[in-house]
Amino acid sequence: MSRRRPPPGDGAVDGPDDREHDALPRTARLARAVEREGGACAWCRRPFTPLVVPTTDHLVPRVRGGPSWLENEVAACSRCNRARGHLGAADWVRECRGRGWDPDVDHLLAVVVELGATTRRRGGHRRARDAAEAQERRLRRLA
Ligand SMILES: [Zn+2]
């Protein structure tokens with residue numbers, strides 16, 4: 001399940017804040033995300049199989065301060081994870097649509113709303129909170 005090779009800049013070890021708040025280890029978070037995403041890639045909607053392996057994709061990329069919380073992680077196939085790079089969620093949804101895929105924007109919106117709420121509840125993570133709120137506004141225009 002965790003055979004993914006993290007893209008450059010995305011493989012940082014969780015910081016103290018993440019550990020403090022997040023009891024779930026990475027593999028358990030990924031399993032939860034796969035379940036939440038209905039067993040398919042959050043972007044291209046391909047069902048996960050032994051050949052289409054789920055990876056952890058940060059909605060707000062780590063380079064923009066996105067924490068490694070379940071609220072900031074969606075399950076994505078490695079093809080989408082690699083192709084997206086550090087593109088914002090809304091920009092990547094546009095790109096997906098251009099490729100003929102149909103991401104579930106309402107679902108992504110629900111995850112990003114939860115991320116915003118979690119950053120406000122936990123405090124700190126200002127960059128992630130601002131990015132989540134910006135992505136929420138942009139995803140609403142795509143929903
Ligand atoms: Zn995909």
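For clarity, every value in this text was computed on a predicted model and none was experimentally measured. Note that ligands are numbered from 1 as they come in the structure, with each ligand's atoms numbered from 1 the same way.
For a distance threshold of 2.8 Å, the protein N, O or S atoms nearer than that to the Zn ion (ligand 1), listed by chain and number, are C41 SG, C44 SG, C77 SG, C80 SG.
Looking at R129 and V60, their side chains never come closer than 4.5 Å, going by heavy atoms from C-beta outward.
Applying the side-chain contact (heavy atoms from CB on, under 4.5 Å) criterion to A110, with sequence neighbours excluded, gives no partner residue.
No donor-acceptor pair closer than 3.5 Å links the side chain of R126 to the backbone N or O of T119.
Aromatic ring centres of W69 and H58: separated by at least 6.0 Å.
Side-chain polar atoms of S68 and R62 form a donor-acceptor pair below 3.5 angstrom.
Across all their heavy atoms, A42 and E37 have their closest contact at CB-CG, 3.8 Å.
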